[in-house]
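See below for the structure under consideration.
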Amino acid sequence: MRATVSFGRICGIRVGAHWSALVGVMILGDLLAVTVLPVLVPGRVPAAYLLAGAVAAVVLVLSLLAHELAHALVARRAGLGVRRITLWLLGGVSELEQQPARAAAEIRIALVGPLTSLALAGLFAGVARATTWLGAPALIGAVLSWLATVNVMLGVFNMLPGSPLDGGRVLHGVIWWATGDRERATRAAGGAGQILGGVLAGLGIFLVLKGRSDGLWLLLVGGFLGFAAGAERVHGVLAERLQGLTAADVMSREPALAEGWWTVQALIDRLLTPDSPRYRVFPVIDFSGRPVGVLRLTDLAGVDPASRFTTTVQAVARPLPSEHRLDVETPLERVLERPIAPGRDVLVVEQGGRVVGVITSSDLQRIVELQALRRGSGPTASRDGAG
């Protein structure tokens with residue numbers, strides 16, 4: 001979930017919002033102005049409802065940010081790096097650079113978010129009572145009461161026992177602490193999240209069939225939870241199995257490289273020889289051996305035959321994102337965070353600025369299967385990969 005809008009840094013942590021969060025603020029503000037606030041406090045002019053709805057939506061987003069910031073700060077106190085916080089339609093994500101080394105730290109990091117939401121709920125409720133006592137406009141008290149209620153719901157909902165919710169993290173930490181088996185805890189928390197997502201989605205379908213539109217929201221949340229729990233379960237199990245390995249342990253050494261200064265025709269002639277490398281994707285390098293792009297056979301085929309003698313390989317290469325360039329010492333669990341997407345079918349491994357290897361999806365699959373064999377559980381590797 002990448003940020004569309006950056007809000008800079010808070011306590012040294014990058015903060016941003018995905019576009020869905022911005023859409024959510026507009027939808028929520030409109031919903032409050034049109035349906036919720038007129039029922040709670042009737043008889044006000046439309047402009048007052050619109051202003052109150054917009055303020056309530058923005059403050060709710062700030063509440064979500066406080067929830068995630070609490071996670072991030074406690075994680076940082078535990079010695080973990082925090083990459084960024086990203087807000088989106090269904091909440092927020094705090095991206096940690098590594099997982100907690102101890103179960104107790106994981107439990108603390110998970111618990112602080114819901115506790116922050118509940119503390120905010122108490123603060124909003126207290127201020128709402130104070131505004132009533134002071135005789136402030138009823139619309140202000142209604143907004144504060146709504147914010148208190150929603151923060152209670154956020155705190156309670158996030159403590160449901162299933163990944164990727166905070167309650168799932170707590171469940172993971174407790175099972176890890178009790179059994180000493182982190183992979184077992186990952187499976188259990190992920191499975192609980194999938195069950196929870198299925199229950200919420202089923203309840204949403206039931207409500208939709210009863211003619212209630214709020215069932216669509218439950219269906220969306222349940223579907224997301226089920227999908228995210230399955231993905232996190234697979235990723236967590238793989239990360240456990242690959243712990244301690246680096247990019248150098250899995251990369252294909254002495255890869256076939258495409259010289260960027262060659263013409264397209266010269267490269268095609270080389271590829272058509274009997275002893276040409278049997279690859280479909282090539283890192284493109286410059287004169288100094290540094291990677292400057294990625295080239296697929298289909299990219300070469302797309303060049304007009306009349307232009308192949310004058311067009312360089314680098315001119316038709318696809319850009320190589322920085323996240324697809326790895327150092328030989330990059331932990332392999334971090335490699336899993338870099339999707340090998342169509343058009344960028346390799347991760348390039350460098351040492352001293354020069355390409356020394358590549359990692360393909362086949363390389364990753366092979367190392368996962370080998371690690372499963374080492375653990376005596378080869379058949380489960382394919383089941384994990386299927387979710």
Side-chain angles (χ1 to χ4, degrees), residues 1 17-18 20-21 23-25 27-29 31-32 36 56-72 74-75 85-94 106-125 128 143-175 188-208 212-233:
M1 189 65 63
H18 186 254
S20 60
V23 174
V25 168
I27 294 175
L28 182 59
L31 180 66
L32 286 168
V36 177
V58 171
V59 174
L60 178 58
V61 171
L62 294 177
S63 300
L64 292 173
L65 176 58
H67 178 116
E68 294 302 326
L69 193 59
H71 284 310
V74 173
I85 293 174
T86 305
L87 302 177
W88 69 297
L89 179 62
L90 298 180
V93 178
S94 298
E106 180 173 44
I107 294 172
R108 287 196 301 271
I109 294 169
L111 282 176
V112 72
L115 290 177
T116 299
S117 294
L118 294 177
L120 287 172
L123 175 63
F124 287 129
V143 168
L144 291 168
S145 297
W146 179 83
L147 287 168
T149 302
V150 172
N151 272 281
V152 168
M153 294 172 62
L154 284 172
V156 173
F157 178 75
N158 269 284
M159 281 306 298
L160 292 176
S163 294
L165 298 175
D166 296 329
R169 313 277 188 215
V170 173
L171 176 64
H172 182 278
V174 170
I175 296 175
Q194 289 177 299
I195 293 172
L196 177 61
V199 170
L200 293 177
L203 180 59
I205 293 173
F206 175 78
L207 293 176
V208 169
R212 292 181 52 177
S213 59
D214 53 348
L216 293 172
W217 184 252
L218 269 181
L219 179 60
L220 173 64
V221 172
F224 166 76
L225 284 180
F227 173 81
E232 188 168 291
R233 174 175 174 268

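Annotation for Gly193 and Ala229: closest pair C-CB, 3.6 Å, computed over non-hydrogen atoms. For the residue pair Pro114 and His67, the shortest heavy atom distance occurs at N-CE1, 3.5 Å. The heavy-atom pair separating Ala201 from Leu219 by the smallest distance is O-CD1, 3.6 Å. Summarising the geometry of Thr116 relative to Ala70, their closest heavy-atom pair is OG1-CB, 3.2 Å, with the distance given to 0.1 Å. In terms of heavy atoms, Val208 sits closest to Gly215 at CG2-C, 3.7 Å. Here the closest heavy-atom approach between residue Leu200 and residue Gly222 is recorded as CB-CA, 3.8 Å.
A heavy-atom distance below 4.5 Å is found between the side chains of Thr149 and Met153. For the pair Val59/Phe124, a side-chain contact is recorded, criterion being any heavy-atom separation below 4.5 Å from C-beta on. Put simply, the side chain of Ser163 does not reach to within 4.5 Å of the side chain of Gln194, judged on heavy atoms. For the pair Leu154/Ser63, no side-chain contact is recorded, criterion being any heavy-atom separation below 4.5 Å from C-beta on.
Atom-to-atom distance recorded for Asp166:CG and Ile109:CD1 is 11.0 Å, nearest 0.5 angstrom. Distance check, rounded to the nearest 0.5 Å: CG of Asn158 to CG of Leu111 gives 11.5 Å. Taken from CD in Glu68 to OG in Ser117, the straight-line distance is 8.5 Å, to the nearest 0.5 Å. Rounded to the nearest 0.5 angstrom, Leu87 CG and Leu62 CG are separated by 9.0 Å. The distance from atom CZ of Phe157 to atom CG of Leu196, rounded to the nearest 0.5 Å, is 6.5 Å. With rounding to the nearest 0.5 angstrom, the CD1 atom of Ile107 is 9.5 Å from the CG atom of Leu171.
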*Quick one: do Leu165 and Met159 satisfy side chain to side chain contact (heavy atoms under 4.5 Å, CB included)? Show the steps, please.*
CA-CA 7 Å; Leu165 298 175; Met159 281 306 298; over 6 Å; no
*From CA spacing to verdict: side chain to side chain contact (heavy atoms under 4.5 Å, CB included), Trp146, Leu60*: CA-CA 10 Å; Trp146 179 83; Leu60 178 58; 3.8 Å; yes
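In this view, Leu69 and Ile10, Ile13, Leu73, Ile85 satisfy the side-chain contact (heavy atoms from CB on, under 4.5 Å) rule, not counting sequence neighbours.
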